[in-house]
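We number each residue from 1, following the sequence as shown.
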Amino acid sequence: QLQASGGGPVQAGDSLRLSCVVSGRTFSNYHMGWFRQAPGKEREFVAAISRGGSRTHVADSVKGRFAISRDNAKNTANLQMNGLKPEDTAVYYCAAKVGIQSLPIATLEASDAINYWGKGTQVTVSS
């Protein structure tokens with residue numbers, strides 16, 4: 001089970017930290033990712049991190065503002081979002097993918113590559 005939290009209403013320029021706790025599975029076996037879906041738009045990739053946390057990949061639209069991390073001891077993946085903009089408003093989903101250690105992390109860009117999805121957490125950024 002993947003449980004995301006940390007969303008909420010914020011002002012433009014604010015920061016939020018989303019967390020995804022994974023239970024019932026061996027967390028370190030999964031590459032983790034975050035996606036988002038705005039109203040009327042398709043779900044889009046935001047960020048991904050490798051099983052051990054040494055490799056990350058962030059979408060160009062959020063590069064320099066968002067960062068992904070994980071704590072394998074706490075079964076948690078995080079998305080630190082700084083400098084939020086109204087266009088970041090969306091439901092954010094955490095995602096997990098089974099894969100070998102050396103899996104190219106960009107593989108997680110494709111939503112159909114994901115094995116498990118969490119329920120979303122709403123982020124609303126007002127100007």
Side-chain angles (χ1 to χ4, degrees):
Q1 182 178 1
L2 283 66
Q3 183 64 53
S5 63
V10 295
Q11 298 287 321
D14 285 352
S15 298
L16 274 178
R17 184 179 178 86
L18 305 184
S19 294
C20 177
V21 178
V22 177
S23 60
R25 307 181 189 279
T26 303
F27 183 65
S28 59
N29 285 348
Y30 297 89
H31 303 283
M32 297 297 297
W34 288 93
F35 287 73
R36 67 185 181 185
Q37 188 166 19
K41 295 187 177 181
E42 293 186 354
R43 189 172 298 188
E44 66 170 351
F45 168 79
V46 177
I49 188 166
S50 60
R51 286 170 49 178
S54 62
R55 294 177 290 126
T56 62
H57 178 52
V58 179
D60 288 343
S61 59
V62 302
K63 194 166 290 183
R65 299 188 297 121
F66 290 15
I68 187 171
S69 63
R70 67 189 293 162
D71 184 338
N72 284 358
K74 296 182 179 179
N75 288 6
T76 302
N78 303 300
L79 183 68
Q80 178 66 42
M81 305 187 294
N82 299 326
L84 283 160
K85 303 175 181 180
E87 51 263 43
D88 295 319
T89 295
V91 178
Y92 283 72
Y93 298 89
C94 64
K97 176 170 179 58
V98 176
I100 58 175
Q101 287 275 12
S102 59
L103 180 78
I105 201 64
T107 302
L108 275 76
E109 285 185 3
S111 58
D112 59 3
I114 300 301
N115 299 115
Y116 303 102
W117 293 96
K119 293 182 180 179
T121 184
Q122 176 72 46
V123 173
T124 304
V125 185
S126 57
S127 56

Could you work out, with side-chain hydrogen bond (donor to acceptor under 3.5 Å, both in side chains) as the rule, every residue matching Gln122, not counting sequence neighbours?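 Only Thr124 meet the side-chain hydrogen bond (donor to acceptor under 3.5 Å, both in side chains) criterion with Gln122.
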**Request:** Determine, step by step, whether Leu18 and Val123 satisfy the side chain to side chain contact (heavy atoms under 4.5 Å, CB included) criterion, reporting the C-alpha distance in whole Å, the side-chain angles of both residues, the deciding distance to 0.1 Å, and the verdict.
**Result:** CA-CA 9 Å; Leu18 305 184; Val123 173; 4.1 Å; yes
Is [Y] reachable from [X] through a run of hydrophobic residues whose side-chain heavy atoms are each under 4.5 Å from the next?
X      : Y     : result
Leu2   : Val21 : no
Ile114 : Trp34 : no
Leu84  : Ile68 : yes
Val10  : Val62 : yes
Leu16  : Phe35 : no

Please report the shortest heavy-atom distance between [X] and [Y], naming the atom on each side.
X      : Y     : answer
Gly120 : Val91 : CA-CG1, 3.6 Å
Ser126 : Gln11 : OG-NE2, 3.3 Å
Asn72  : Ser28 : ND2-CB, 3.7 Å
Arg17  : Ser69 : NH2-OG, 4.0 Å
Thr121 : Ala4  : CG2-CB, 4.2 Å
Ser127 : Ala12 : CA-CB, 4.2 Å

With rounding to the nearest 0.5 Å, note down the distance linking [atom1] in [X] to [atom2] in [Y].
X      : Y      : atom1 : atom2 : result
Asn82  : Phe66  : CG    : CZ    : 8.5 Å
Ser19  : Gln80  : OG    : CD    : 9.5 Å
Arg43  : Ser111 : CZ    : OG    : 7.0 Å
Ile105 : Thr56  : CD1   : OG1   : 8.5 Å
Lys97  : Thr107 : NZ    : OG1   : 7.0 Å
Asn75  : Tyr30  : CG    : OH    : 11.0 Å

Notebook entry, point to check: Does Tyr93 have Arg36 sitting over its ring (NZ/CZ under 6.0 Å from centre, angle to axis within 45°)?
Noted result: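 No, Arg36 does not sit over the ring of Tyr93.
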* Measure from NZ or CZ of Arg25 to the centre of the six-membered ring of Tyr116 and say whether it is under 6.0 Å with the direction within 45° of the ring axis. =>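 Judged by the rule, Arg25 and Tyr116 form a cation-pi pair.
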Is it true that atom NZ of Lys74 has more than 12 heavy atoms of other residues, nucleotides or ligands lying nearer than 6.0 Å?
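No.
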*Test Met32 against Phe27 for side chain to side chain contact (heavy atoms under 4.5 Å, CB included), laying out the working first.*
CA-CA 9 Å; Met32 297 297 297; Phe27 183 65; 3.8 Å; yes
Mind checking salt bridge (charged side-chain N to carboxylate O under 4.0 Å, His left out) for Glu87 and listing every partner two or more places apart, or none if nothing turns up?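 Scan of Glu87 (salt bridge (charged side-chain N to carboxylate O under 4.0 Å, His left out), adjacent residues dropped) gives none.
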> Could you go step by step and tell me if Gln3 and Cys20 meet the side chain to side chain contact (heavy atoms under 4.5 Å, CB included) rule?
Replying inline: CA-CA 5 Å; Gln3 183 64 53; Cys20 177; over 6 Å; no
Check your understanding: Is the backbone N or O of Ile100 less than 3.5 Å from a side-chain atom of His31, with the two atoms forming a donor-acceptor pair by type?
Key ->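 Side chain of His31 to backbone of Ile100: a pair is present.
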>> Between Arg55 and Arg51 (side chain of the first, backbone of the second, donor and acceptor by atom type, cut-off under 3.5 Å), is there such a pair?
In response: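 It does not hold such a pair.
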*asked:* Looking at Lys85 and Asp88, is there a salt bridge between them, counting it only when a charged N and a carboxylate O are closer than 4.0 Å?
replied: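 Not counted as a salt bridge, because no side-chain N and carboxylate O are separated by less than 4.0 Å.
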Practice item. Show your working on side chain to side chain contact (heavy atoms under 4.5 Å, CB included) between Tyr92 and Leu79 and close with a plain yes or no. Key: CA-CA 10 Å; Tyr92 283 72; Leu79 183 68; 4.1 Å; yes
Between Glu109 and His57, is any pair of side-chain heavy atoms under 4.5 Å apart?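 Yes, side chains in contact.
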